[in-house]
Amino acid sequence: MHPLAGQPAPEALLIDVAQLERDYQERLPDLADPAQRVSFGTSGHRGTPGNGTFTAAHIRAISQAIAEYRAAQGTTGPLFLGKDTHALSRAAERTALEVLLAHGVDVVVQPADGYAPTPVISHAILGHNARRRPGEPEADGIVITPSHNPPEDGGFKYNPPNGGPADTDVTGWVQNRANAILAGAKAEPDVLRGGRPDARPTDLVAAYVADLAAVIDLDAIRAARLRIGVDPMGGSALAAWGADRRAVRPRPDHRQPGGRPPIRLHDRGPRRQDPHGLLQHRRDGGAGRAQGPLRRGLRQ
């Protein structure tokens with residue numbers, strides 16, 4: 001048991017989101033350091049601005065490389081863009097949109113600055129490609145998430161028309177092209193051009209939830225009158241769960257947990273995110289509100 005388990009996190013353990021976003025925008029990667037170049041792991045690039053491994057420069061270069069790759073492959077249908085709740089995801093989304101829209105890509109996003117989990121983006125890609133008429137271009141997607149990485153990390157993943165993570169032949173091409181762009185080969189400093197169209201908002205989460213009935217017997221779940229505890233872990237599934245709950249219609253005695261202080265601590269080990277998304281963020285020195293409490297029994 002960690003000695004601080006279940007206690008409010010000390011100020012020193014809170015991430016400074018404002019500083020994180022400043023470093024993301026202002027820091028330039030040192031390409032002499034291999035660790036600061038674009039490097040795709042499981043279909044995507046991950047890192048943090050503090051050590052120069054995840055910056056706006058990286059996302060601009062990767063987004064341009066993806067725009068070039070999909071055009072070369074004839075993938076000129078919509079690109080579904082989703083993001084999670086990590087601190088840098090919104091900033092990376094803005095950067096990607098600037099580049100993709102300037103390249104004429106038809107970008108589809110969740111409305112109202114909403115989050116879209118990875119399965120939602122895969123579902124949108126597969127659904128579009130299954131419904132398209134002969135001769136119509138295929139769709140693909142990008143998910144802005146470092147998955148299980150710590151709160152200060154960002155991630156950027158490309159999903160080709162098959163809906164799943166890009167294979168190594170794709171990620172290798174995108175990685176090499178992005179690093180060439182970072183190094184100045186055919187860079188496009190004027191990528192932000194006036195008069196560009198906006199992204200196209202579409203409720204991808206609702207479409208995903210509506211299609212659950214095709215693979216899950218929701219009537220059986222309703223009839224069983226199950227009492228189900230759900231922990232979205234503070235992540236991008238928060239919005240999806242609201243729609244899921246309306247579709248499943250669980251027992252009417254559902255209650256929101258409350259009245260107990262939140263857990264705000266995790267073990268800070270490498271590549272470990274707070275499993276419940278409850279680690280508080282710090283903005284301009286002030287502690288932000290925790291994302292939600294857990295019931296005492298669930299904690300135990």
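Position 1 is the first residue of the sequence, and the numbers go up from there.
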Those residues at least two apart in sequence (or on a different chain) that pass side chain to side chain donor-acceptor pair (under 3.5 Å) with Arg200 are Asp106
With sequence neighbours left out, the residues meeting side-chain contact (heavy atoms from CB on, under 4.5 Å) with Pro119 are Pro117, Tyr208
The reported gap from OH in Tyr158 to CD in Gln175 (rounded to nearest 0.5 angstrom) is 16.0 Å
Sorted by chain and number, sequence neighbours left out, salt bridge (Lys or Arg N to Asp or Glu O under 4.0 Å) with Lys157 holds for none
### Message
Looking at Pro161, is its backbone amide N or carbonyl O close enough to the side chain of Asn129 to form a donor-acceptor pair, meaning the two atoms are under 3.5 Å apart?
### Response
yes
All heavy atoms of Pro29 vs all of Thr55, minimum pair found to be CD-OG1, 3.8 Å
Quick note, salt bridge (charged side-chain N to carboxylate O under 4.0 Å, His left out) partners involving residues 202-219, not counting sequence neighbours, are Asp219-Arg222
In short, side chain to side chain donor-acceptor pair (under 3.5 Å) pairs touching residues 25-34 with sequence neighbours left out are Asp33-Gln36
Sorted by chain and number, sequence neighbours left out, side chain to side chain donor-acceptor pair (under 3.5 Å) with Asp84 holds for His86, Ser89, Thr145
Contacts of Tyr115 meeting ring pair (Phe, Tyr, Trp, His ring centres under 6.0 Å) (sequence neighbours excluded), chain-then-number -> none
Across all chains, not counting sequence neighbours, the ring pair (Phe, Tyr, Trp, His ring centres under 6.0 Å) partners of His128 are none
One should read off an interatomic distance between Ile221 CD1 and Leu226 CG, to the nearest 0.5 angstrom, of 7.0 Å
Across all chains, not counting sequence neighbours, the side-chain contact (heavy atoms from CB on, under 4.5 Å) partners of Ala61 are Ala178, Ile181, Leu182
Residues passing the side chain to side chain donor-acceptor pair (under 3.5 Å) test with Arg131, sequence neighbours excluded, are none
- Message: Could you tell me if the side chain of Lys83 sits less than 4.5 Å from the side chain of Asp113, heavy atoms only?
- Response: yes
Residue set satisfying side-chain contact (heavy atoms from CB on, under 4.5 Å) with Thr171, at least two apart, ordered chain then number -> Phe40, Ala166, Thr168
When the side chains of residues 71-80 are checked against the rest of the protein, which donor-acceptor pairs come out under 3.5 Å, sequence neighbours left out?
none

